Amino acid sequence: MNSRRNFLKQASAAALAGSAISPLLSWAASQNSTIDIPGENGLIVRSSRFLDLETPVEYFNTWLTPVPHFFVRNHMHEPSELDAATWRLTVGGEVEKPFTLTLAELSKLETHSVVNTLECAGNGRSLHRPQVPGIQWGKGAVGTARFSGARLRDVLQRAGIKPAGKHVMFRGLDDIPGKVPAFIRSVPLEKALDADTLIATHMNGAPLTKNHGFPARALVPGWIGAASCKWLTEIKVLDAEFVGNFMSPGYRFPNQPGKPGEAVKPEDTHPVTGLSVKSVISGPLDGARVAHGRVAVHGTAWAGEADVVKVEVSTDGGTNWNAATLGHDRARYAWRLWTYDWKAKAGDYSILARATDSQGRTQPSTPVWNPSGYLYNAPDQVKIHVA
Ligand code: MTE
């Protein structure tokens, strides 16, 4: 399986490197991301109707998440056909010179890489109380990868943005089941023009797999995963935020925290954009039995557009907190690995982790409840037995 994957990745890479795109590329794309659910690659299947795969927390031990272990979030069916040779990206709307790019043309633009922690806004939804409807993600709808591709800014500047242009809309090639609204969203022009916002074609050095948006996806670093449209086929500059289901009522957050369980009026909400400060314990695992003595409590922490400045660990259910050591690997939008060296005596323990970021945000003991269950970020907690 692995060698088949590697062969296909190499085949895709080789085809991309050449100026003419081989039909092999489209065949490879349809093959190389096949996930034989349930649970291939050890991922947790949260939905198989539209593929939603969660990464088990024990995989969060590397700064970059290997692509086969990277969570997948689809609102609808993946495109049934993706052909690199016929794929086109159109750029239009409030621009002087609308144009269309082939994949070969896109690949010729200057490449930029961004290591980004991509998290689904609904990550941790199952932990909100009272519970809310939606995919019941645990802790693993998040991962970190090096995304590479052209800067969205370069493509927009080539088209020439008219003064009326204020937002940039992305449309993917999802197969839309029946009469449901298409997955179309927009980002403000300022974020679209950021030097780190990409039209990504590669993830961890290999062409995107189908699950992650082959042949090209938007990459809006530091923002909720929903901003990063997969299977990108249309970019449109708009004079206002896109109006559609996935901008409203979808992906909105209350302006003021309300009482858990209470409804929130649409006019009292705003779009969810940047990620919150958050940490996850990747070991010991919840329910583990470990020997007394030195125990490395470890995990990862991220903060969207901000930097993680501190991670603290409590081994007594949140009464006392101890500083963890942050890992050396770092990048502007990427998580930090951390570890806390604990001298454990026999007993039952509740271990918590909480992060603080460069904006002065610390994970709150009670997360802000909201009807869609977005941005859960209470301190992570595991219960373990030390023998
Ligand atoms: N893009 C399209 N076209 N269709 C989708 O359903 N899901 C979004 C985003 N881009 C989605 C999409 C959501 S909600 C998330 S969290 C990320 O993709 C997940 O990216 P991944 O599947 O590569 O991890």
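Just so you know, ligand 1 is whichever comes first in the structure, and atom 1 is the first atom listed for that ligand. No experiment lies behind these values; they were computed from the predicted model shown. Counting begins at 1 with the first residue of the sequence.
- The closest donor-acceptor contact from the side chain of Thr55 to the backbone of Phe71 lies under 3.5 Å.
- When each atom of ligand 1 is checked for a heavy atom of His212 under 4.0 Å away, the hits are 21 (P), 22 (O), 23 (O), 24 (O).
- Ranking protein heavy atoms by distance to atom 9 (C) of ligand 1, first place goes to Gly225 O, 3.3 Å.
- Contacts between Phe50 and ligand 1 below 4.0 angstrom, taking non-hydrogen atoms only, are absent altogether.
- Near Leu118, with a cut-off below 4.0 Å to any heavy atom, the atoms of ligand 1 are 20 (O), 24 (O).
- Atoms of ligand 1 found under 4.0 Å from any heavy atom of Cys120, numbered from 1 in the order shown, are 16 (S).
- The closest approach between any non-hydrogen atom of Cys229 and ligand 1 is below 4.0 Å.
- Pairing each heavy atom of Val386 with each of His292, the nearest pair is CG1-CA, 3.4 Å.
- Scanning the protein for heavy atoms near atom 12 (C) of ligand 1, the closest one is Phe183 CE2, 3.5 Å.
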Intermediate values then yes/no, ring pair (Phe, Tyr, Trp, His ring centres under 6.0 Å), His77 and Phe50: CA-CA 5 Å; His77 298 296; Phe50 310 133; 4.9 Å; yes
Candidate pair Lys166 and Asp239, rule salt bridge (Lys or Arg N to Asp or Glu O under 4.0 Å), full reasoning: CA-CA 5 Å; Lys166 297 283 180 286; Asp239 60 2; over 6 Å; no
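- Each of the atoms 2 (C), 3 (N), 4 (N) of ligand 1 lies under 4.0 Å from some heavy atom of Trp231.
- Regarding atom 6 (O) of ligand 1, its nearest protein heavy-atom neighbour is His75 N, 2.8 Å.
- Residue-ligand proximity, Ala226 to ligand 1, at heavy-atom distances under 4.0 Å covers atoms 8 (C), 13 (C), 14 (S), 15 (C).
- Cation-pi check for Arg354 over Trp321 is met; the charged atom lies under 6.0 angstrom from the ring centroid and within 45 degrees of its normal.
- Nearest protein heavy-atom neighbour of atom 14 (S) of ligand 1: Tyr251 OH, 3.2 Å.
- Listed by chain and residue number, nothing satisfies the side-chain hydrogen bond (donor to acceptor under 3.5 Å, both in side chains) test with Thr86 (two or more places apart in sequence, or in another chain).
- Interface atoms of ligand 1 facing Asn74, defined by a heavy-atom separation under 4.0 Å, are 6 (O).
- By the 4.0 Å heavy-atom criterion, Arg217 is counted among the residues contacting ligand 1.
- Checking Asp174 against His75 by side-chain atom types alone, no donor-acceptor pair falls below 3.5 Å.
- When each atom of ligand 1 is checked for a heavy atom of Asp174 under 4.0 Å away, the hits are 2 (C), 3 (N), 4 (N), 5 (C), 6 (O).
- The single protein non-hydrogen atom nearest to atom 7 (N) of ligand 1 is Arg73 O, 3.2 Å, given as residue, atom name and distance.
- You'll find the ring centres of Trp223 and Tyr333 outside the 6.0 Å limit.
- Here is the list of ligand 1 atoms found below 4.0 Å of a heavy atom in Ser228: 9 (C), 10 (N), 18 (O).
- Leu189 and Met247 fall into different hydrophobic clusters, where Ile, Leu, Val, Met, Phe, Trp and Tyr residues are linked whenever their side-chain heavy atoms come under 4.5 Å apart, directly or through other members.
- At least one N or O atom of Phe71, backbone or side chain, sits closer than 3.5 Å to an N or O atom of ligand 1.
- Considering backbone and side-chain atoms together, Lys230 places an N or O closer than 3.5 Å to an N or O of ligand 1.
- Remark: Thr117 pairs with Val142, Thr144, Trp302, Ala334, Trp335 by the side-chain contact (heavy atoms from CB on, under 4.5 Å) rule, at least two apart or across chains.
- Classification of Glu110 and Arg151 as a salt-bridged pair holds, one side-chain N sitting under 4.0 Å from a carboxylate O.
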